[in-house]
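Keep in mind the model is a prediction, meaning the values are calculated, not measured.
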Amino acid sequence: MTKHKDNKGITVKKEEDFSEWFSQILKKAEIVDLRLDIKGFMVIRPWGAMIIEKMFQYFSQELQRTGHKPTFMPSVVPEENLKKESSHIKGFTPEVFWLKEINKEKLALRPTSETLYTPMFKLWINSYRDLPLKLYQRGSVFRLDTKATRPLIRTREILWIEAHDAFATKQDAENQVKEDIEITEKVMHKIFGIPFLPMKRPSWDKFPGAEYTVGSDVMMPDGKLIQQPSTHLMGQKFSKAFDAKFKNEKEQEDYLYTTAYGPAMSRILVSVISTHGDDQGMILPFSLTPLHVIIVPIYNKENKDKVLSECTKINSKIISLELKSEIDNSDKSPGEKFNIWELRGVPMRIEVGEKELKEKKVTLFLRDTRKKETISLTSLSKLKQFGEEYNQRLLKKADKMFEGKIINCKTKAEIKKATAEGKIARINFCSTENGEACATIIEKETGAEVRGTLANKEEKASGNCVICGKLATHVTYVGKSY
């Protein structure tokens, strides 16, 4: 592990100054380093990288379980490819990093990879027998975001997985969108402990080139929403642009139906830190932590060898349980060690001193409850079970934080009040297809945005639109976002 150079801990309370709290976490828990000073780019340090690696593993495993195969695509896209789907290039042009022309060929760092996968689908798929074809890759995409950047939250390089799938029918493609939402539920919610609302975005806020987009909205401690994994029904737009056809069961040519799904690991880490952390630092889910148990020996000159010998035995026992464990034998005081590993969010700490040696027990500290208990050495075999219980506590607490955050609103004043208090306004709205004028009024007068309609639940509108007074066709959610 890297040496921790700042032992002062977090100096602000999460509820009082979330922005400063988050910035201090990133620096003091050694998640990122910004000292290269490249706007929108960052160095992710080992502790942050190990968490992100675990995120990649969980999403990769679930994608493979649902029939996806891994690929690696080029990091560059020819200008010709980007231009083929006109609404796509129009939506992305301001955010594209263009490279210097080489032999008159203009290339862009990929902002996303529809224009790489679709021409390959054209080559790889000939018949309905080749379908579905479900692929994914892990890597970086690049967006020339001109707004204020913020580490992990808004960056110009995004670490993510993107899945690109091809189908014979629109129904198959729409079923994939549902499966993508289920993957987010299974991995981000149930494993990482991050509750979310799957929102079908209004037409003016969909992914460029998509028929529709579903974004996973997660609430942050300051009441703002951050979009996590999004999934897009591309329909036949990209396949028509690239002439990607196949022969259906009637031996007739048709265009492929495609989808895309993009969980951004670097961005999901924001929600993990923000949802679970407290005033002492991070609280990492047992499933994501790089280190499950830190063992802190407490000794003097006389009993040092004896204590360290016992710690080594304990460490070996924990590792045999297939858990990650380390002994902190640095020259820091026990109190400093406690603070460092609490800051980094290690779920369990085992303290071993003279008292523990005599009683053949250890002191176990749980990061989430901050409670200590004395357990026998034979109880070490239960640490895995304790870890599962730990994850369930985090999930239950996170879900409870979401309770009461959605407020039914009938006027602009109520929308403004709810969103100013860090809540989500639920309103009757004229239309998510052509109600952009009403959405603009909401944004100008309340500072909040129309986020869309629930994608996993049908809700019937009643009465009239809160803004224009026309008959409402959608129950829509409004909130402030990053």
> Yes or no on side chain to side chain donor-acceptor pair (under 3.5 Å) for Y117 and T71, after CA distance, side-chain angles and deciding distance?
Replying inline: CA-CA 10 Å; Y117 277 95; T71 56; 2.6 Å; yes

> Checking side chain to side chain donor-acceptor pair (under 3.5 Å) for the pair Q385/E388: CA distance, chi angles, key distance, verdict?
Replying inline: CA-CA 5 Å; Q385 177 189 327; E388 291 171 3; over 6 Å; no

> So Q171 and Y257, side chain to side chain donor-acceptor pair (under 3.5 Å) or not? Walk me through it.
Replying inline: CA-CA 9 Å; Q171 184 60 59; Y257 289 87; over 6 Å; no

I'd like a table of donor-acceptor pairs (distance under 3.5 Å, sequence neighbours excluded) in which one partner is a side-chain atom from residues 220-231, with atom names and distances.
unit_1	atom_1	unit_2	atom_2	d
D222	OD1	K224	N	3.1
D222	OD1	Y482	OH	3.3
D222	OD2	Y482	OH	2.5
Q227	OE1	R201	NE	3.2
Q227	OE1	R201	NH2	2.7
Q228	OE1	I268	N	3.4
Q228	NE2	R267	O	3.0
Q228	NE2	S271	OG	2.8
S230	OG	H232	NE2	3.4
T231	OG1	D180	OD2	2.6
T231	OG1	A260	O	3.4

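With contacts defined as side-chain heavy-atom distances shorter than 4.5 Å, the pair I375/K382 does not qualify. Annotation: side chain of E354 is not in contact with side chain of Y299 (no heavy-atom distance under 4.5 Å). Residues I350 and M348 have side chains not in contact (no heavy-atom distance under 4.5 Å, counting atoms from C-beta outward). Using a 4.5 Å heavy-atom threshold, the side chains of E342 and R370 count as touching. Side chains of T112 and W160 form a contact here, defined as non-hydrogen atoms less than 4.5 Å apart. Within the 4.5 Å cutoff, the side chain of I194 has heavy atoms near those of the V272 side chain. By the 4.5 Å heavy-atom criterion applied to side chains, S60 and I161 are counted as neighbours. Inter-residue side-chain proximity for L291 and W341 is flagged as met; some heavy-atom pair is nearer than 4.5 Å.
For T289 against V346, the heavy-atom pair with the smallest separation is OG1-CA, 4.4 Å. The two residues S381 and L321 make their nearest non-hydrogen contact at CA-CD1, 4.0 Å. Here the closest heavy-atom approach between residue I44 and residue A49 is recorded as CG2-N, 3.5 Å. Looking at every heavy atom in both residues, S140 comes nearest to L159 through OG-CD2, 3.4 Å. Taking both residues in full, the closest heavy atoms of V32 and P151 are given as CG2-CB, 4.4 Å, listed atom of the first, atom of the second, then distance. A pairwise comparison of heavy atoms in F429 and C438 identifies CE1-CB, 3.7 Å as the closest pair.
Looking at E336, its side chain does come within 3.5 Å of a backbone N or O of S333 through a donor-acceptor pair. Distance alone, capped at 3.5 Å, is enough to place a donor-acceptor pair between the S287 side chain and the I191 backbone. Between the side chain of D328 and the backbone N or O of V296, no donor-acceptor pair lies under 3.5 Å. A donor-acceptor pair under 3.5 Å is formed between the side chain of T66 and the backbone N or O of L63. Remark: side-chain polar atoms of K28 are paired, donor with acceptor, to backbone N or O of G9 under 3.5 angstrom. Judged by distance alone, with hydrogens and angles left aside, the side-chain atoms of S203 form a donor-acceptor pair with the main-chain N or O of E433 at under 3.5 Å. At least one donor-acceptor pair closer than 3.5 Å links the side chain of T473 to the backbone N or O of C430.
Residue pairs satisfying the salt bridge (Lys or Arg N to Asp or Glu O under 4.0 Å) criterion with at least one member in residues 457-481, sequence neighbours excluded, are listed as follows: R426-E459. For residues 386-425, there are no ring-ring contact (aromatic ring centres under 6.0 Å, His included) pairs, not counting sequence neighbours. The side-chain hydrogen bond (donor to acceptor under 3.5 Å, both in side chains) pairs that include a residue from residues 311-321 are N315-S325, where partners are two or more places apart or lie in different chains. Sorted by first and then second residue, the salt bridge (Lys or Arg N to Asp or Glu O under 4.0 Å) pairs with a member in residues 440-451 read D217-R451, K412-E445, E449-R451; sequence neighbours excluded. Within the structure, side-chain hydrogen bond (donor to acceptor under 3.5 Å, both in side chains) contacts touching residues 184-198 (residues at least two apart or in different chains) are E62-K186, T184-Y261, E185-H189, H189-D399.
Here the CD1-NZ distance, from I294 to K337, works out to 8.5 Å after rounding to the nearest 0.5 Å. To the nearest 0.5 Å, atom CE of residue M42 and atom CZ of residue R156 are 13.0 Å apart. Note that the CZ atom of F41 and the CZ atom of F142 stand 6.5 Å from one another [nearest 0.5 Å]. The structure places NZ of K14 at 10.5 Å from CD1 of I273, a figure rounded to the nearest 0.5 Å. For the atom pair CG (L343) and CD1 (I10), the distance works out to 5.0 Å, reported to the nearest 0.5 Å. Distance check, rounded to the nearest 0.5 Å: CZ of R367 to CG of D278 gives 4.0 Å.
Taking the side-chain hydrogen bond (donor to acceptor under 3.5 Å, both in side chains) definition, one finds that R154 meets it with D145, sequence neighbours left out. Residues satisfying the salt bridge (charged side-chain N to carboxylate O under 4.0 Å, His left out) criterion with K355, sequence neighbours excluded, are absent altogether. In this structure E322 satisfies the salt bridge (charged side-chain N to carboxylate O under 4.0 Å, His left out) test together with K384, sequence neighbours excluded. The salt bridge (charged side-chain N to carboxylate O under 4.0 Å, His left out) test applied to R150 returns no partner, not counting sequence neighbours. Residues satisfying the side-chain hydrogen bond (donor to acceptor under 3.5 Å, both in side chains) criterion with T363, sequence neighbours excluded, are E356. Judged as a salt bridge (charged side-chain N to carboxylate O under 4.0 Å, His left out), and not counting sequence neighbours, the contacts of K170 are E211.
Between the side chains of S113 and E162, at least one donor-acceptor pair of N or O atoms lies under 3.5 Å. Inspection of the Q176 and E179 side chains reveals an N or O donor paired with an N or O acceptor under 3.5 Å. Between the side chains of H68 and D165, at least one donor N or O lies within less than 3.5 Å of an accepting N or O.
The aromatic rings of F59 and F192 sit perpendicular, their planes meeting at an angle over 60°, well past the 30° parallel limit.
Residue Q64 qualifies as enclosed at atom CD: its count of foreign heavy atoms under 6.0 Å is above 12.
Applying the side chain to side chain contact (heavy atoms under 4.5 Å, CB included) test between C409 and each of V478, N428, I424, I427 identifies I427 as the sole match.
Note on K396 versus E389: no salt bridge recorded, every NZ/NE/NH1/NH2 to OD/OE distance being 4.0 Å or above. With respect to E351 and R349, a salt bridge is recorded, a charged nitrogen being found less than 4.0 Å from a carboxylate O.
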